[in-house]
Every structure is written in structure tokens, then in C-alpha cells.
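Atoms within each ligand, like the ligands themselves, are counted from 1 in listed order. A quick note: this is a predicted structure, and the numbers were derived from the prediction, not measured.
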Amino acid sequence: MSNPETTQGKAAPELSEARKVYIKTYGCQMNVYDSERMADILAAEGYKSAETPEDADLVLLNTCHIREKAAEKVYSEIGRLRALKARARGDGRAMKIAVAGCVAQAEGAEILKRAQSVDVVVGPQSYHRLPALLKAGKRAVETEFPAESKFDHMPEPGFRNMRLPGDRPQPLLQQQAGLPRHAAAFLTVQEGCDKFCTFCVVPYTRGAEFSRPVARIVEEAEALAARGVKDVMLLGQNVNAYHGAGPAAGAWPLARLLARLSEISGIERLRYTTSHPRDMSDDLIAAHRDLPKLMPYLHLPAQSGSDRILALMNRRHDRNFYLRLVERLRRARPDLALSGDFIVGFPGETEADFSATLDLVRAVGYAQAYSFKYSPRPGTPAAGEAQVPDAVKAERLQRLQALLDEGQAAFNAKMLGREFDLLLEKPGKRPGQLVGRSPWLQAVHVDAPESLIGAMVKVAVDRIGSNSLFGALVDPPRAVA
Ligand code: 5AD
Ligand code: SF4
């Protein structure tokens, strides 16, 4: 199919002459990681980053489909971009629009039908095909789950020479060297999910579970360390189901991968997300006791506290299993900060079911957690069930969030006067201030010179804010290597 938007009007320069991309990312950390990899791929093709969509020859929307009205939001963003594209064409420039990520996967060719201005639609498993699709010059959809892995078609880690919107400002020297320098980075080790919770689109948009081989992950982590990364968050939709091919025969579980990554000098902190309670194996629990680099933080979604709802959700765990698991984890690592996800108003949820969720939240004592109103995802089993009225969902969400906020405030309040290592990541809101993450993933603000971005420093907490902590440097700060 030809694209009327690009074949009409003034002769536009070929894409190969005009190469600036603007990538807008929605949704989860895995999308952030994917956007970085797409930036790597496009950088290898000669693209530079555009500061704004107006300035871009290619606007790439990396979309999320997990919750409400995701597709509608993408269509309205495309509507806004259509005007930019028309203006660019008026100026004799060809601007392309590409849609990637989970909405691209779920909607596929429908996007090309509904939005004439979109040139390329590419699913999360095939974005390594992006340059070829762009070069082909035809409107195209690629949402297959190809036999070859996109991970085998990536440029060398660290190739990226562009900044993405939302990237942190870089020290000048690094900018001149063209290398982004972050103290913390994401690393995808696993993708997809075979669990089929009845509310969730992930098994359909991201496909079957797939684990990257150990050697590839180690290489990527070493490259990150060489770039000055000290803190690595391993990503996967069901990360603790990881079972990647080891260097010799046999697959490695996540615990063994974490132990191996702990050996990399320069990497000082490791975390992983998101975990399923059923895949929290004994060796992984033991890793929280045995690996000093594994930070005392775990995102462990429960989704509900009611056994009846957990069964309807096909969660494969009940309330008791979850609570016992938390106990075992805390025995292994007493200061573990727990985080979670909850859904309110799942079809059939009664006030008693919801109370059971509130009870679970009280029993666990989360450091922080996310909560959502159930939203039917087309194609998932629960979407066809009778829905809880929105007003009831809204009211339950409010109550749950108030309780979670209370829990978070209580967890943060315990930090007053505590000393710990802080990894300084970026400038704070006020001049002279930097922000970093505590071992428990709280944001901590301190007065410190910009030269300390990327440094691990000791801080003492002297004030508790509503969502973050404030502290002061304790020792004379160590210089950045
Ligand atoms: N409705 C509401 N929340 C959802 N989540 C996933 N699917 C849905 C849905 N259909 C939430 C779950 C999951 C998090 C990433 O998003 O809590 O853990
Ligand atoms: Fe979705 Fe997580 Fe359930 Fe997999 S385990 S289906 S990703 S909620």
C-alpha cells in the first residue's frame, strides 16, 4: 500500500538524507529499555536525536496497552502528529510516523487503516526490523513473533549516541564523547509471559516467555559497567521465571544469573522486576540473604487479597501462599522493602473481597505499591464478564491508595536519622541539589555538587518528605572514578 501522505505534494528528500528521530515512550520500564534499544538501532543507521517532534524526520511512539484507553490515547497522539507531518510536508520535508510497542502489537494493521498518517507499525518482538521497514518506503506492519530474536540483531551495547526525551542531562565531557552516562540502567533479561492471568494482555502482546542467554546478558552488563553504570535493574514481565541458556549445557535460574552479575566489578547494585509469587524459588530467596549487591527491594504483585478473586484471576497463588512467601523473604533479608500491584473492581469483586485486599496490605506493610481500577482488555478472559460499576471501582481505589500512602509514609518515617549509601543519579529540583536512590529505591535529595553525579556517597537522612527523603552527605565525598 502506498502512503498518500508521502507520495503527494512537493518532492521530499529521501529519508537517508534527513535523519533525526524523536522517540516518545509510554508505560513500563521495559518500554524504556526497548526505546533505548530502538535508539541504538537507529543511531547505527545514522539517526541523531531530535529535541522536539517538530524537529524530527521520524517520530516513534513506543506504546503501552496494559490499562485503560491505551489505544485511544495513541490515536489522539497520532492526530496531533498528523498536523506536524502536514506542516513538514509544506516545508518540503518528509516526516515519518512509526508506532511501536504493545498497542502496535494489539492493533496491528488497524492502525494503518484508522490513521493514514502512520507509516510503520512494529510490534515489540520485531523492532530490529525497523530500519528495513523505514527504508522500504511503503506503509508497513510487522507484528510477527519472528523466529530470530531481536536481541541477536542489536548493535553493540553502548553504541547509542543520542538522548531520548526524559534522559538525564549528561556531564559535558560525556556529551562531547557522544556517550550517555547514567549511573543506573535497565537490562532486559526475559520477556513475555506464560501465566495468563485473566485480566492481562501481556501474554498476547509480548508473547510466550523467552529468556536471553546468560553470556549475552553478562556482555551487556559488562558494557554498562564500562560506561560507568553502577546500578542495574534486570527487567522481565515475569523476570523470576528466567531460565536462560548457561555457558555450558543447561539453563540458569535467576538466582544464578544474579550471582554471576554480582561478580562484575563496577556493578554495585542489582534489582529485578517484575516477579510472580509462584516463581519465587528457594534459591532466589536465598540470594536475598547471600548476595550483598542484591538490593533489599522486591516488587512482588499480589493483585488481590481475596482467594476467590485470586482464583478468578488465575493467579495460581492464594493469600496464605503470598503471606508465607513474604515471611520467608523477610527471614532471608529482614530489611526487605516490598512493593506490589493491586487491581480493584475485578469482575465479581464484592466489598468482602475488597476488604480482604485491605487486610493483606496491612499484613504485609508495603514500602510502596501501585493500584489500578480493573479495565477490560479486549481478548482477555475477564473482559467478557459483568463489570463492577465504575463509581464502586473509583471509591475502592481511593480507599486502597489512602492505605498504601499511609504504609509508604510509615516506611519512609523509619528512615529518619538513618545512614546509608546513596547513588547520586541526577540534578534535583533546586540548584545545588542532587537526587539519588536509597538501597530501598526511595528518592533521596541532598545538597551536593554536580561533579558527584554517578558517585556512591554516604548520607544521613534528616527530613522525610511526602514521596521522598532529604539527607546530608556524611563523609567527605569520594571522587567519581
Ligand atoms: N486492568 C487493570 N490493571 C491491570 N494490570 C494489568 N492488566 C490490568 C487490567 N486489565 C496491572 C496489574 C499489573 C500491572 C503492571 O498492571 O496490576 O501487575
Ligand atoms: Fe500479566 Fe504478570 Fe499475570 Fe503474566 S504474570 S499474565 S505479565 S499479570
Side-chain angles (χ1 to χ4, degrees), residues 26-33 63-73 101-103 105-106 124-125 188-211 233 235-243 254 272-280 298-306 309-318 321-322 325 338-349 354 357 360-361 364 366 368-388 390 392-394 396-397 400-401 404:
Y26 302 80
C28 67
Q29 293 136 327
M30 189 165 295
N31 268 13
V32 174
Y33 177 86
T63 61
C64 169
H65 200 247
I66 198 92
R67 278 177 301 274
E68 283 205 272
K69 300 197 183 99
E72 291 317 308
K73 284 181 195 152
C102 294
V103 172
Q105 188 66 38
Q125 302 311 330
T188 293
V189 303
Q190 180 278 339
E191 248 192 278
C193 181
D194 296 336
K195 291 282 187 298
F196 290 92
C197 299
T198 55
F199 53 80
C200 184
V201 282
V202 165
Y204 312 95
T205 56
R206 292 277 172 167
E209 216 225 284
F210 166 81
S211 295
M233 175 77 94
L235 300 182
Q237 268 96 21
N238 191 176
V239 71
N240 57 343
Y242 177 84
H243 59 283
L254 186 64
Y272 57 93
T273 196
T274 287
S275 293
H276 192 285
R278 267 282 158 211
D279 293 316
M280 218 57 227
L298 181 64
H299 184 66
L300 191 67
Q303 311 295 358
S304 169
S306 151
I309 296 297
L310 287 168
L312 291 172
M313 286 176 164
N314 188 32
R315 282 292 290 175
R316 303 157 196 245
H317 63 82
D318 60 14
F321 178 89
Y322 187 90
L325 179 58
L338 278 163
S339 154
D341 292 340
F342 290 95
I343 295 177
V344 301
F346 183 83
E349 187 187 71
F354 175 65
T357 298
L360 181 84
V361 168
V364 171
Y366 289 93
Q368 179 262 345
Y370 305 93
S371 48
F372 313 101
K373 289 195 280 187
Y374 171 72
S375 127
R377 305 285 76 212
T380 58
E385 302 296 325
Q387 298 297 307
V388 171
D390 193 62
V392 175
K393 288 183 194 171
R396 287 182 189 163
L397 186 67
L400 176 57
Q401 285 183 341
L404 290 170

*Is Phe196 atom CZ crowded by more than 12 heavy atoms from other residues, nucleotides or ligands, each under 6.0 Å away?*
yes
*asked:* Strictly distance-based, threshold 3.5 Å: is any side-chain N or O of Arg316 a donor or acceptor partner for the main-chain N or O of Lys195?
replied: yes
*Mind checking whether Phe342 and Tyr366 have ring centres under 6.0 Å apart?*
yes
*asked:* Looking at every non-hydrogen atom in both residues, tell me the closest pair between Pro347 and Leu312 and how far apart they are.
replied: O-CD1, 4.2 Å
*Give the minimum heavy-atom separation between Gly236 and Met30, together with the two atoms involved.*
CA-CE, 3.5 Å
*Would you mind running through ligand 1 and noting each atom that sits below 4.0 Å from a heavy atom of Lys373?*
1 (N), 2 (C)
*asked:* Tell me the closest heavy-atom pair linking Val103 and His65, and the distance in Å.
replied: CG2-CD2, 3.7 Å
*With atoms numbered from 1 as shown, which atoms in ligand 2 lie under 4.0 angstrom from a non-hydrogen atom of His276?*
5 (S)
*asked:* Checking a contact table here: which protein heavy atom is nearest atom 17 (O) of ligand 1, and how many Å away?
replied: Gln303 OE1, 2.7 Å
_Heavy-atom pair of closest approach, residues Pro381 and Tyr204_ = CD-OH, 3.8 Å
*asked:* Show the atoms of ligand 1 that are less than 4.0 angstrom away from any heavy atom in Tyr374.
replied: 1 (N), 2 (C), 10 (N)
*Which residue supplies the protein heavy atom nearest to atom 7 (N) of ligand 1, what is that atom called, and how far is it?*
Phe199 CD1, 3.4 Å
*Are the side chain of Asn240 and the backbone of His276 linked by a donor-acceptor contact shorter than 3.5 Å?*
yes
*What protein heavy atom sits nearest atom 10 (N) of ligand 1, and how far away is it?*
Ser375 O, 2.8 Å
*How far is atom 6 (C) of ligand 1 from its nearest protein heavy atom, and which residue and atom is that?*
Ile66 CG1, 3.5 Å
*Report yes if the side chains of Cys102 and Val201 come closer than 4.5 Å at any heavy-atom pair, otherwise no.*
no
*Would you confirm whether Asn31, through its side chain, and Thr63, through its main-chain N or O, come within 3.5 Å as a donor-acceptor pair?*
yes
*Which protein N, O or S atoms lie under 2.8 Å from atom 1 (Fe) of ligand 2?*
Cys200 SG
*Could you tell me whether ligand 2 has any atom less than 4.0 Å away from a heavy atom of Arg315?*
yes
_atom 16 (O) of ligand 1 - nearest protein heavy atom and its distance_ = Arg67 NH1, 2.7 Å
*Which protein non-hydrogen atom lies closest to atom 14 (C) of ligand 1, naming both residue and atom, and how far is it?*
Asp341 OD2, 3.4 Å
*Under 3.5 Å, is there a donor-acceptor pair linking the side chains of Gln125 and Gln105?*
no
_I need the nearest protein heavy-atom contact for atom 4 (C) of ligand 1: residue, atom name and distance, please._
Ile343 CD1, 3.6 Å
